[in-house]
Amino acid sequence: MPETPILDSLTNPESIRDLTASQVKALADEVRSETIDVVSKIGGHLGSSLGVVELTVALHHVFETPRDILIWDVGHQCYPHKILTGRRDRIRTLRQAGGLSGFTKRSESVYDPFGAAHAATSISAALGFCAARDQKGEDNNVIAVIGDGSMSAGMAYEAMNNAAETTRHLTVILNDNDMSIAPPVGGMSAYLANLVSGGAYQSLRRWGKSVAERLPRPLFEMVRKSEEFSRTWFTGGTFFEELGFYYVGPIDGHDMENLLAVLKRVKEIKDRPVLVHVVTQKGKGYEPAETSPDKYHGVAKFDVITGEQSKPKANAPSYTDVFASELIKQARDDDRIVAITAAMPSGTGLDRFAEVFPARTYDVGIAEQHAVTFAAGLAADGMKPFCTIYSTFLQRGYDQVAHDVSLQNLPVRFALDRAGLVGADGATHAGSFDIGYLGALPNMMIMAAADEAELAAMIATAAAYDDGPSAFRYPRGEATGIAIPERAAPLAIGKGRILREGSKVAILSLGTRLGDALKAADMLAARGLSTTVADARFAKPIDKDLVRQLAKHHECLITVEEGAVGGFGAFVLHYLAGEGALDAGLKIRTLTLPDTYQDQASQAQQYAEAGLDAAGITLTALQALGLDDAALARAINR
Ligand SMILES: Cc1ncc(C[n+]2csc(CCOP(=O)(O)OP(=O)(O)O)c2C)c(N)n1
Ligand SMILES: CC(=O)[C@@H](O)[C@H](O)COP(=O)(O)O
Ligand SMILES: [Mg+2]
């Protein structure tokens, strides 16, 4: 009779601590199989989760979670953690409407003491928990697990710099799989590689456990405290030690016995922060992931046997594809154009740009603050930098945009991919705020593409625009499939366009809501309401002539944008109010994303939820006119 799988018999997460070492290893194997099965069915972040299976099981076995605080960095590797902490029954709802988040999330479980998804937050958060613990006179452990890629982010150094002065009792696990989304870049990556390739690591893998376990506690204490601990027993993690950490490692993160032995010892260290350098393999235990260049970092559903992903057939290129192609075209004609990514070459399409212009492509690592001011330096000296960062991740470099770019009026071009709602990654990755946070800055010029032809024109506009900083935003996913001119012409700055003439209602759309705005116009016309539809193209400067004309010649004006409150609609309201155009009783509504964080779902579901689809726009216009449509309202749960 085959033994009952341990995973099935785990009554609660705490019972992981009752397992024997061999059961713990068996449990890791089961968790790995479960993780592969789950992601094969729903897609998601597989590689990083597989790399931390042993580490996750060992951490929950050695430490008393949730009393001991376990904080994951980025959190995309949390699937084994969620399987082990009471969410196995819902794990196949990951990243879906009404399901589990793809990252750690406080509201989901006591085992998620801190939410994650933007890199390098874990050590700072862990220090906050340490300081709170110390203030309360408690003695629980606090563990931050941060990856080598995330260790390239400045925030990690701010936290490590402050660690030893904040607390004596902190455990940082550096999960070094020698991968970011792409292979890691930068000096820290090279340093870590040296530590791992050093002779001591190889020998340590052989005798690390035996030494750790056979050392009597007093001797262990003595060795640990003596200089030898960091210089001889383990290779010198000098950099971390200079910051006040005990450096332990590098150790093999897939050798469960070694891992357990070291973690049990490390758990006793309470007189100085400890950094345990764990060497893992992204994609471990699943050959298609192990052998893939990106280690199956983010995958669609796949066949477990072959590893072949089943991606839906694309009917059009993605906006990212269009961006890459168009930037390459522009760069061929202008050698001042250079491109910058913050560790996301494939996600931004700059991997394609780099194939053509390797010397004009910069991957700065997960370092958005640096990326922005690096771009400012390039622009200050006459180059045309395209700083290509997802809208949500540019939030990390906002002061640099304000202080180094806007204030100095430097012609940095910001290519904002993943603008608006992004679907499965949920609230942490939504590109909701860039219109507001960039539009608040003087000198900024901001464009939003309604489709791929518009995106091409906006890239041409940005390439030609040297009068100051510019930004153009475009969404995640497939474009519309319309034709793109071979040579896109730059747009007239601050000029929108009218696509449909009407007389009663005017819909002024910014970005890809234009398609829904045109559908809403049909729905309104079917109700006898003649509707104008215009594409603003620019969030800043707004097309004042267009806005004034729409306000003057229509009873109702609706603005709609894929952005939060305080963006385009606010700029239009601000202008109209200043012109006294609201005094005449114009019925105006500004349709934005809701003033809340929307959980993961499909992008279409999210926009419908936000009231930014055709039905939502139509109902808003009807209600602004004092009309209603109960059936329509019911249909969209309004
Ligand atoms: C501030 C920020 N920038 C970029 C990203 C996108 N991102 C998600 S995971 C990742 C790589 C993280 O590498 P590492 O920490 O080594 O984790 P691994 O995937 O190797 O487990 C990146 C760049 C992010 N989440 N946050
Ligand atoms: C974990 C993380 O932040 C990235 O992997 C992100 O999920 C990528 O998003 P896209 O899938 O939109 O490129
Ligand atoms: Mg890594």
Side-chain angles (χ1 to χ4, degrees), residues 43-53 55-56 72-80 94-95 101-104 115-123 144-156 173-186 188-189 192-193 196 253 278-284 289 294-300 311 318-320 341-349 351 363-372 388-398 417-426 428-431 474-477 600 603:
H45 290 104
L46 180 64
S48 48
S49 287
L50 291 180
V52 296
V53 165
L55 179 61
T56 306
W72 293 94
D73 208 301
V74 185
H76 61 318
Q77 78 287 76
C78 70
Y79 301 3
L94 272 170
R95 298 163 49 86
S101 165
F103 306 96
T104 51
H118 284 200
T121 59
S122 59
I123 305 175
V145 183
I146 183 168
D148 57 303
S150 299
M151 197 55 98
S152 64
M155 193 174 169
I173 309 279
L174 169 54
N175 172 37
D176 182 3
N177 55 22
D178 196 24
M179 277 293 285
S180 183
I181 293 181
V185 297
M188 174 49 76
S189 168
L192 294 177
V196 174
V278 176
V279 180
T280 63
Q281 184 183 2
K282 194 164 184 177
K284 176 76 175 179
D294 72 352
K295 310 301 177 192
Y296 274 30
H297 171 83
V299 290
K311 291 181 180 174
S318 69
Y319 281 97
T320 303
T341 177
M344 304 195 77
S346 56
T348 57
D351 52 350
D363 180 351
V364 299
I366 307 178
E368 288 83 3
Q369 295 170 326
H370 163 57
V372 172
T388 310
I389 299 178
Y390 290 14
S391 164
T392 189
F393 298 139
L394 184 61
Q395 292 163 191
R396 184 64 65 88
Y398 185 53
D417 200 337
R418 284 22 175 219
L421 298 170
V422 297
D425 272 340
T428 53
H429 284 60
Y474 45 101
R476 183 180 201 276
Q600 70 283 350
Q603 286 169 283

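Atoms within each ligand, like the ligands themselves, are counted from 1 in listed order.
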| message | Measuring from atom NZ of K284 to atom OG of S49, what distance do you get when rounded to the nearest 0.5 angstrom? | response | 16.0 Å
| query | Looking only at side chains, do S318 and R476 share a donor and an acceptor under 3.5 Å apart? | reply | no
| Basic-acidic side-chain contact under 4.0 Å: R95, D425 | yes
| note | Residues A430 and L421: closest non-hydrogen pair is CB-CD2, 4.2 Å
| field | Side chain to side chain, Y390 and T348, heavy atoms closer than 4.5 Å | value | yes
| message | Side chains of H118 and T428 only: does a donor on one sit below 3.5 Å from an acceptor on the other? | response | no
| request: Give the ring-plane orientation class for F103 versus H45, where under 30° counts as parallel, over 60° as perpendicular and anything between as tilted. | output: tilted
May I have every N or O pair linking ligand 1 to the protein at under 3.5 Å, one per line with atom names and distance?
{"from": "ligand 1", "atom 1": "3 (N)", "to": "E368", "atom 2": "OE2", "distance (Å)": "2.7"}
{"from": "ligand 1", "atom 1": "15 (O)", "to": "S150", "atom 2": "N", "distance (Å)": "3.0"}
{"from": "ligand 1", "atom 1": "15 (O)", "to": "S150", "atom 2": "OG", "distance (Å)": "2.7"}
{"from": "ligand 1", "atom 1": "16 (O)", "to": "D148", "atom 2": "N", "distance (Å)": "3.4"}
{"from": "ligand 1", "atom 1": "16 (O)", "to": "D148", "atom 2": "OD1", "distance (Å)": "3.1"}
{"from": "ligand 1", "atom 1": "16 (O)", "to": "G149", "atom 2": "N", "distance (Å)": "2.7"}
{"from": "ligand 1", "atom 1": "16 (O)", "to": "M179", "atom 2": "O", "distance (Å)": "2.8"}
{"from": "ligand 1", "atom 1": "19 (O)", "to": "H76", "atom 2": "NE2", "distance (Å)": "2.7"}
{"from": "ligand 1", "atom 1": "19 (O)", "to": "K282", "atom 2": "NZ", "distance (Å)": "2.7"}
{"from": "ligand 1", "atom 1": "20 (O)", "to": "N177", "atom 2": "OD1", "distance (Å)": "3.0"}
{"from": "ligand 1", "atom 1": "20 (O)", "to": "N177", "atom 2": "ND2", "distance (Å)": "2.8"}
{"from": "ligand 1", "atom 1": "20 (O)", "to": "M179", "atom 2": "O", "distance (Å)": "2.9"}
{"from": "ligand 1", "atom 1": "21 (O)", "to": "N177", "atom 2": "ND2", "distance (Å)": "3.3"}
{"from": "ligand 1", "atom 1": "25 (N)", "to": "A117", "atom 2": "O", "distance (Å)": "2.8"}
{"from": "ligand 1", "atom 1": "26 (N)", "to": "A119", "atom 2": "N", "distance (Å)": "2.9"}

May I have every N or O pair linking ligand 2 to the protein at under 3.5 Å, one per line with atom names and distance?
{"from": "ligand 2", "atom 1": "3 (O)", "to": "H429", "atom 2": "NE2", "distance (Å)": "2.6"}
{"from": "ligand 2", "atom 1": "5 (O)", "to": "H45", "atom 2": "NE2", "distance (Å)": "3.0"}
{"from": "ligand 2", "atom 1": "5 (O)", "to": "H297", "atom 2": "NE2", "distance (Å)": "2.7"}
{"from": "ligand 2", "atom 1": "7 (O)", "to": "H45", "atom 2": "NE2", "distance (Å)": "3.2"}
{"from": "ligand 2", "atom 1": "7 (O)", "to": "D425", "atom 2": "OD1", "distance (Å)": "3.4"}
{"from": "ligand 2", "atom 1": "7 (O)", "to": "D425", "atom 2": "OD2", "distance (Å)": "2.6"}
{"from": "ligand 2", "atom 1": "9 (O)", "to": "D425", "atom 2": "OD2", "distance (Å)": "3.2"}
{"from": "ligand 2", "atom 1": "11 (O)", "to": "R476", "atom 2": "NH2", "distance (Å)": "2.9"}
{"from": "ligand 2", "atom 1": "12 (O)", "to": "R418", "atom 2": "NE", "distance (Å)": "2.8"}
{"from": "ligand 2", "atom 1": "12 (O)", "to": "R418", "atom 2": "NH2", "distance (Å)": "3.3"}
{"from": "ligand 2", "atom 1": "12 (O)", "to": "R476", "atom 2": "NE", "distance (Å)": "2.7"}
{"from": "ligand 2", "atom 1": "13 (O)", "to": "Y390", "atom 2": "OH", "distance (Å)": "2.6"}
{"from": "ligand 2", "atom 1": "13 (O)", "to": "R418", "atom 2": "NH2", "distance (Å)": "2.7"}

| task | Give the minimum heavy-atom separation between S391 and R418, together with the two atoms involved. | result | CB-O, 4.0 Å
| Do any protein N, O or S atoms sit under 2.8 Å from the Mg ion (ligand 3), and which ones are they? | D148 OD1, N177 OD1, M179 O
| request: List the steps, then state whether side-chain contact (heavy atoms from CB on, under 4.5 Å) holds for L394 with V372. | output: CA-CA 9 Å; L394 184 61; V372 172; 3.7 Å; yes
| note | Value for CG (D178) from CG (L192), rounded to nearest 0.5 Å, stands at 8.5 Å
| said: To the closest 0.5 Å, what do you measure between OG (S48) and CH2 (W72)? | reply: 10.0 Å
| field | Contacts of T280 that satisfy side-chain hydrogen bond (donor to acceptor under 3.5 Å, both in side chains) - sequence neighbours left out | value | N175
| Between the side chains of T320 and D417, does any donor sit under 3.5 Å from an acceptor? | yes
